[in-house]
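Data block below; observations after.
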Amino acid sequence: MIAIQTNNLTKKFEKKIAVHSLDLSIEQGELFALLGVNGAGKTTTIKMLTCLSSPTSGDATLLGNSIVSNPHGVKELINVSPQETAVAPNLTVRENLELIAQIYGFDKKTVEIRVEEMLRTFSLTEVSNNKAKTLSGGMQRRLSIAMALITNPQILFLDEPTLGLDVIARRELWNAVKKLKGSITIILTTHYMDEAEVLSDRIGIMAKGRLKAVGTVAELMAKTNTESLEEAFVSLATKEEVER
Ligand SMILES: Nc1ncnc2c1ncn2[C@@H]1O[C@H](COP(=O)(O)OP(=O)(O)OP(=O)(O)O)[C@@H](O)[C@H]1O
């Protein structure tokens, strides 16, 4: 089943076309990475798909709900883990998770179960009673993703989840994300080729608002006759420069 389908999705800012007629299909349970250099249109695409910004033209459906005609339906299905962590620094790890679950109206028993599940999945059980502000950057990012997931979204948007993290913290976060694979649809934006390669099922490469290619790492390398994702990316991202 298709989780996300975009049809001619377009966003213009005055004369600037930030996203140009995007046609993209993402399967349910897929981890899809969106890659592109600065200004390629990734954030604008994610903002439209999460109903934070309306398209200038075109549409997208998330599990059948249109971002144009049914944004409320879309918002019930999704959650976002933004680049900047969304944790409350003076609450403990457990309190941060409980707060979100309570806001979403889960009953007491469900809150307890979901909190324990998230603490386990994200290896935060040992620090559950520590204030969030005392956690390392990597743990804060894991908590931030756990807070997005505790609401039981069917589609999760992960915006540059490992920005600024050290090598160990990145790997720990990757392991947490790997555990989610298959059970939920994840859209990941990243500038790190290794991250896209390790985590994603398929990759979409954007340049200047256009989707230049979509495929597995092997497919992208074959398409560009290159031997690494990075080379494939450079080839696809710079091709447009030549065309224009
Ligand atoms: N509110 C806005 N007003 C005008 N132009 C905008 C606005 N938001 C984005 N843009 C432009 O749209 C284009 C796409 O920006 P976007 O932020 O989507 O790129 P990105 O791929 O997410 O880049 P980055 O990797 O730097 O986050 C850029 O040229 C940007 O300057």
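First listed ligand is number 1; within each ligand, the first listed atom is number 1.
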Rounding to 0.5 Å, atoms CD (E98) and CE (M147) come to a distance of 12.0 Å
May I ask you to identify the nearest protein heavy atom to atom 6 (C) of ligand 1, giving residue, atom name and distance to one decimal place in Å? F13 CD1, 3.2 Å
According to a 4.5 Å side-chain heavy-atom criterion applied to Ile, Leu, Val, Met, Phe, Trp and Tyr, with indirect links allowed, do L35 and W174 form part of one hydrophobic cluster? no
For atom 14 (C) of ligand 1, which protein heavy atom lies nearest, and how many Å away is it? G39 O, 3.4 Å
Mind checking whether H191 has a heavy atom under 4.0 Å from ligand 1? yes
Considering only NZ, NE, NH1 and NH2 on the basic side and carboxylate oxygens on the acidic side, decide whether E116 and R94 come within less than 4.0 Å. yes
State, without any angle test, whether N70 and N65 hold a side-chain donor-acceptor pair at a distance under 3.5 Å. yes
Nearest heavy atom to atom 18 (O) of ligand 1 wins, so pick from T44, L34, I46. T44
Which heavy atom of the protein is the closest neighbour of atom 29 (O) of ligand 1, given with residue, atom name and distance? K16 CE, 3.1 Å
Closest to atom 26 (O) of ligand 1 (judged by heavy-atom distance), picking from T43, V37, N38: N38
Protein heavy-atom partner closest to atom 12 (O) of ligand 1 - residue, atom, separation in Å: A18 CB, 3.2 Å
Short side-chain donor-acceptor distance under 3.5 Å, E195 and T190: yes
Atom 19 (O) of ligand 1 - nearest protein heavy atom and its distance: G41 N, 3.2 Å
Salt-bridge criterion met for E117 and R114 (N-O under 4.0 Å): yes
Under the side chain to side chain contact (heavy atoms under 4.5 Å, CB included) rule, what do L158 and T189 come out as? Steps first, then yes or no, please. CA-CA 6 Å; L158 284 181; T189 59; over 6 Å; no
Heavy-atom protein contact below 4.0 Å for atom 31 (O) of ligand 1: no
Which ligand 1 atoms are under 4.0 Å away from a heavy-atom of A40? 19 (O), 20 (P), 21 (O)
Ligand 1 atoms nearer than 4.0 angstrom to some heavy atom of K42 are 18 (O), 19 (O), 20 (P), 21 (O), 22 (O), 23 (O), 24 (P), 25 (O)
Does R170 count as lying over the ring of Y192, i.e. NZ or CZ under 6.0 Å from the six-ring centre, within 45 degrees of the axis? yes
